[in-house]
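Residue indices begin at 1 and follow the sequence shown.
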Amino acid sequence: MSKNFDWPVGSNEAKDRLGERFSQLHLDTKISASHAKPLTNADPVVVPIYHSSTYRFKTIAQFDEPNHGSNFVYRRCGNPTTENVEVVINEIEGGAGSLLYNSGLAAISAVFLEFLGAGAHLISMSPIYSGTSSFINETLKRFGVEVTFVDVEKEANFAEAVEKAIKSNTKMIYFETIANPTMAVPDVLGTLEVAKKHKILTCIDATFSSPYLIQPLSLGADISLHSCSKFIGGHTDVIAGVVTVASYDNWKKLKLQQLTTGSSLSPYDAALLTRGLKTLALRVDRISENAQKTAEFLESHPKVSHVYYPGLESHPQHRYAKQVMNKFSGMIAFDVGSAENAIKLVESLKLIIHAVSLGGTESLIEHPLSMSHGKQLLRDSDGPTVAPGLLRFSVGIENVEDIIGDLKHALDQL
């Protein structure tokens, strides 16, 4: 670059706006009013973090303009950083619109509270994420919502069992693409067909699959949701959730509810999701390949009594998984026979981290009965039980030989 290049000096927007009056202001007012005027040729590659809590209007009439109206009045109403992520996820899902929430559970509860009310009947898959189970049992039931759980592990024909559970007041069928924590897989297509036949709203939590591997709306679901803390964020450093809907009318209902409940996501967290989405495909491809090889190793090990991974032909619902996914994500459940063995194994691992959560770049393992699905988080006494020796394993992007080596060393201690 030439030494004679003229670098532009930033200009003060307040000077342009106030004109000669600016020079007459007191210094403290000048400090408060001044800010750099955005350059028209400044076009960042990455959407910046818009952390302003409120937005400037030039005229009263501008408030009602569709492109500068209610979306950008106050940060809780809308934010460009957050909207960027919503646009990308909606593109992946193929929906009418997406909404980001400040946690996965906030996204789940928003859907339940908007589309269910006193006297309504919900059909839910079981087992499911402990937070969802607790919200259903502790909050929805208290508000007069009737609930029927259908056990995806015990029912040979899940879709048929769901249809038998339908009542005249059934308003929603809710299920996960892969059950948390057992990795059971429902008949997604069959269940959606039942719902369509009876004109019942369907909501699918596809967190364990990631939106890269399955897009529920394209299969006929009405609502798809994810905990973005998992595969979408992908780096174990953000808490967020997202709901994507097939109907614009349903998007509007959820948007208005979000304004009143204050459950929108901060732009700082949205920026982390922007980063995570850029490598979603790369990470999930690597994780899925690692998980397949790791599951095959675990299935061959004499100290492991059962392995539950949708990509294994031995998985009880492998045929259903193949119908809707061509790769099977990174979640494995395996049983080492007893709680004592399970705890000894996780405490013997050196590379794989003993922690809850999933979908990050690092491999994580936990004992559900003691942690994610124990009495502290799964407080309903009628809730599903988890096998004492079951371990929930989120496979990361490390070299698969090192992952398997760490597991082999720990299993040899049993």
Given the rule in the salt bridge (Lys or Arg N to Asp or Glu O under 4.0 Å) test, do Asp16 and Lys37 qualify, once you have shown the distances and angles that lead to the verdict?
CA-CA 9 Å; Asp16 292 348; Lys37 185 178 180 179; 3.2 Å; yes
Could you verify whether a donor N or O on one side chain and an acceptor N or O on the other, from [X] and [Y], lie under 3.5 Å apart?
X: Thr170; Y: Lys167; answer: no
X: Asp249; Y: Ser247; answer: no
X: Arg142; Y: Asn137; answer: no

Enumerate the residue pairs fulfilling side chain to side chain donor-acceptor pair (under 3.5 Å) with a member in residues 310-321, sequence neighbours excluded, ordered by first and then second residue.
Glu299-Ser314
Closer than 4.0 angstrom, basic N to acidic O: yes or no for [X] and [Y]?
X: Lys253; Y: Glu114; result: no
X: Arg17; Y: Glu13; result: yes
X: Arg275; Y: Asp237; result: yes

Sub-3.5 Å donor-acceptor pair from the side chain of [X] to the main-chain atoms of [Y], do we have one?
X: Asn180; Y: Ile128; value: no
X: Thr261; Y: Gln257; value: yes
X: Ser133; Y: Tyr129; value: no
X: Ser103; Y: Ile239; value: no
X: Ser218; Y: Gln215; value: yes
X: Arg286; Y: Ile397; value: yes
X: Ser338; Y: Gly389; value: no
X: Asn79; Y: His51; value: no
X: Thr274; Y: Ala270; value: yes
X: Arg76; Y: Leu259; value: yes

Considering non-hydrogen atoms only, spot the tightest contact between Glu398 and Asn290 and give its length.
O-ND2, 2.8 Å
If the test is side chain to side chain contact (heavy atoms under 4.5 Å, CB included), which one of [options] qualifies with [X]?
X: Tyr174; options: Ile123, Leu116, Thr132; value: Thr132
X: Lys293; options: Val395, Val400, Ile403; value: Val400
X: Leu298; options: Asp335, Leu407, Leu312; value: Leu407

Please work out which of the three classes, parallel, tilted or perpendicular, describes the rings of Phe393 and Phe334, given edges at 30° and 60°.
perpendicular
Evaluate the criterion salt bridge (Lys or Arg N to Asp or Glu O under 4.0 Å) for residue pair Lys141 and Glu146; output intermediate values, then yes/no.
CA-CA 6 Å; Lys141 288 182 178 179; Glu146 185 183 355; over 6 Å; no
His35, NE2 atom: more than 12 neighbouring heavy atoms under 6.0 Å:
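Enclosed.
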Taking the six-membered ring for Trp, are Phe208 and Phe231 ring centroids under 6.0 Å apart?
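That pair fails the under 6.0 Å test.
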